[in-house]
Every structure is written in structure tokens, then in C-alpha cells.
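Since the structure comes first, as C-alpha cells, the remarks are kept for the end.
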Amino acid sequence: MDLKPVGRTLLRDQAYVAIKQAIVAGALAPGQVVRDHDLAERLGFSRAPVRDALARLADEGLVESKPQSHTRVTPLILRDVRDALVVVRTMHEVATRSAVPRLSGDDIATMRAANAEFAGAVRRGDVERALRADDTLHDVLVAVCGNRAVAATIDRYTPLIRRLERQRFTTLPGEGSVRRHEELIRACASGDADAAADITATIWSSLDEILQADLAGGPVRAPHDDLPEEMP
């Protein structure tokens with residue numbers, strides 16, 4: 001069997017997903033210095049795919065590098081979250097408006113099940129399950145929409161928003177989000193694309209109040225933000 005360069009590509013992608021998830025979940029905290037050899041050892045990879053992954057994450061704004069010094073997880077800048085929220089909200093509106101006429105009964109059932117999971121997670125204060133269920137619900141519309149550019153844009157900018165949501169989970173209107181999801185599902189089930197798109201915009205605007213209240217304070221700082229430059 002001939003060797004193919006698929007393995008390295010998969011390792012690069014696996015490293016990207018793993019590190020991205022760790023950043024979004026806060027396991028790699030805002031401002032934390034990261035070293036490719038440390039990450040490679042923890043992931044069980046060589047350094048090459050980890051370096052590729054870090055370069056991709058730098059392009060997406062989740063890590064930043066200072067030449068001849070260090071690479072670190074980017075601090076959580078509220079202005080960046082606000083900008084990402086505008087883009088993500090708009091893309092979800094586009095996806096919803098396009099998807100509603102194409103939704104099947106199974107799609108609606110998946111959305112209802114996801115909202116039930118979301119509601120239970122909110123009551124338990126389980127941020128990971130809540131955000132995962134929220135993704136599942138909205139991903140139905142993104143998938144049915146079938147617009148790869150929309151999906152790619154959402155995938156790129158949503159992590160910036162999720163980082164803030166994890167930090168502020170207890171202040172978010174969880175039960176209100178459950179009700180808005182129910183309204184969205186009803187609009188989708190009735191085939192009302194305009195109403196569904198409007199509700200989607202409202203859902204993704206739920207962080208606006210928090211952002212506006214905190215924006216003057218600049219970045220949401222973590223203890224790692226004041227780390228000195230990495231020594232050679």
C-alpha cells in the first residue's frame with residue numbers, strides 16, 4: 001500500500017480542534033503562554049501539526065505570537081466579541097431565512113430535543129452541556145441552509161463569543177433563551193422564515209446588554225494577562 005500524506009493533514013486538523021476547544025472552554029486561559037512542545041507532548045503529537053494548528057488559530061484571533069518571545073492565548077477583548085457577534089448574528093439570520101422552507105419533521109424534532117437538553121443544562125448550571133445543546137439547535141439551520149460560506153464564517157467567529165459566554169454564564173438569561181428557542185422552533189415548524197430570522201437575531205443579541213455594560217472596561221482580564229515574556 002502506497003503511503004499518502006493524509007495522516008499529517010489529519011493530525012494538523014486534530015491538533016487545531018483540540019487546542020481550539022481548550023481555548024474556548026478556558027482550559028487554556030486568556031493571556032496564557034503556550035509552547036508548541038508542551039502542547040505536542042500533551043496531545044501526543046509531533047511539534048509540526050501543533051505549529052500548523054497554532055498558525056491557524058493565530059489567523060482566527062485565538063492566539064497571538066510575539067517574534068522571538070512567546071505565543072499566548074489572546075486576552076478576551078470585548079470589542080472583538082462585539083464585532084464577532086455582529087457577524088455571527090447576521091450569518092445565522094441568513095442561514096435561518098434560507099433553511100426554514102427546507103426543514104423536515106426530523107429537523108424540527110432535533111431542534112426540540114436540543115432545546116430540552118439546553119433547558120436542563122441551564123437549570124443545572126452546566127455551561128458545557130448548555131452551549132453544546134445551543135450549538136446543536138442552531139447547527140440544524142446552518143446545515144439545512146447548505147451555504148458553506150455562511151457555515152465557515154460562523155465556525156470562525158463563534159469561538160470568540162463562546163469564550164465570553166463561559167465566563168458570564170451565570171449572568172446570561174438562560175430561561176429567557178429557552179423561551180426564545182421555543183419561539184424559534186414554532187416559527188420554523190410553521191414555515192415562517194421572516195419570523196424565525198427575527199427571533200434568531202434576538203437570540204444572538206442576548207449578549208449585547210452585557211457587552212455594552214462592560215465595554216468601557218476593555219479586555220476581560222485573566223491572571224495570566226500580566227505574565228512576563230517567555231524566556232528563551
Identify the heavy atoms of A130 and A121 that sit nearest to each other, and give their distance. N-CB, 3.4 Å
4.5 Å side-chain heavy-atom contact, T202 and R180: yes
Same hydrophobic cluster for V86 and L78, using side-chain heavy-atom links shorter than 4.5 Å among ILVMFWY? no
Quick one: does Q14's side chain have a donor or acceptor within less than 3.5 Å of a partner on L11's backbone? no
Assess whether a salt bridge exists between R112 and E182, defined as any Lys/Arg side-chain N lying under 4.0 Å from an Asp/Glu carboxylate O. no
Measuring from atom CD1 of I77 to atom CZ of R82, what distance do you get when rounded to the nearest 0.5 angstrom? 12.0 Å
Quick one: do V24 and L39 end up in the same hydrophobic cluster if we chain Ile, Leu, Val, Met, Phe, Trp and Tyr together by side-chain heavy atoms under 4.5 Å apart? no
Would you sort out whether L103 and L141 count as a side-chain contact (heavy atoms from CB on, under 4.5 Å), showing the intermediate values? CA-CA 8 Å; L103 291 171; L141 297 167; 3.9 Å; yes
Find out whether D192 and D194 are in side-chain contact, i.e. whether some heavy atom of one side chain is under 4.5 Å from a heavy atom of the other. yes
Any side-chain donor-acceptor pair under 3.5 Å between R89 and S205? yes
Exercise: identify the closest heavy-atom pair between F118 and A133: N-CB, 3.6 Å
Sidechain-backbone polar pair: N115 side chain, L137 backbone, donor-acceptor under 3.5 Å: no
Worked verdict on M111 versus H181 for side-chain contact (heavy atoms from CB on, under 4.5 Å): CA-CA 9 Å; M111 293 174 71; H181 285 160; over 6 Å; no
When rounded to the nearest 0.5 angstrom, what distance separates CD1 in I161 from CD1 in I154? 9.5 Å
Could you check V140 against C188 for side-chain contact (heavy atoms from CB on, under 4.5 Å), going step by step and ending with a plain yes or no? CA-CA 11 Å; V140 170; C188 289; over 6 Å; no
Is it true that a side-chain atom of S190 and a backbone atom of A187 form a donor plus acceptor pair closer than 3.5 Å? yes
Checking side-chain polar atoms at under 3.5 Å, does Q21 have a donor or acceptor matched by the opposite partner on Y16? no
Student check: side-chain heavy atoms of H138 and L184 closer than 4.5 Å: yes
Take atom CD of E64 as the centre, draw a 6.0 Å sphere, and report whether it contains more than 12 heavy atoms from other residues, nucleotides or ligands. yes
Exceeds 12 heavy-atom contacts within 6.0 angstrom, atom CZ of F45: yes
Salt-bridge contact D134-R162 (side-chain N to carboxylate O under 4.0 Å): yes
Closest non-hydrogen atom pair between I108 and A189, with its separation: CD1-N, 3.8 Å
Salt bridge (Lys or Arg N to Asp or Glu O under 4.0 Å) for R132 and D139? Distances and angles first, verdict last. CA-CA 10 Å; R132 191 158 57 243; D139 283 350; over 6 Å; no
Interatomic distance, I185 atom CD1 to T110 atom OG1 [nearest 0.5 angstrom]: 10.0 Å
Does one side chain, of T74 or R163, offer a donor that lies under 3.5 Å from an acceptor on the other? yes
Would you sort out whether L62 and K20 count as a side-chain contact (heavy atoms from CB on, under 4.5 Å), showing the intermediate values? CA-CA 8 Å; L62 290 176; K20 180 179 180 179; 4.0 Å; yes
Does R129, at its CZ atom, have more than 12 non-hydrogen atoms belonging to other residues, nucleotides or ligands within less than 6.0 Å? no
Contact summary for L160 and G61, nearest pair of heavy atoms: CD2-O, 4.2 Å
Side-chain touch V33/T71, heavy atoms, less than 4.5 angstrom: no
Beyond-backbone contact of D59 with R156, side-chain heavy atoms, under 4.5 angstrom: yes
Which atom names give the shortest non-hydrogen contact between A40 and S46, and what distance separates them? CB-O, 3.6 Å
Return the minimal non-hydrogen interatomic distance between A196 and V100, and the atom names on each side. CB-CG2, 3.8 Å
For R124, I'd like to know if atom CZ has over 12 heavy atoms of other residues, nucleotides or ligands within 6.0 Å. yes
Could you give the distance from SG (C145) to CE (M91), rounded to the nearest 0.5 Å? 9.5 Å
If the plane angle is over 60° it's perpendicular, under 30° parallel, otherwise tilted; pick one for H92 and W204. parallel
Side chain D107, main chain S104, donor-acceptor under 3.5 Å: yes
When you measure from the side chain of R51 to the backbone N and O of D36, does any donor-acceptor pair fall under 3.5 Å? no
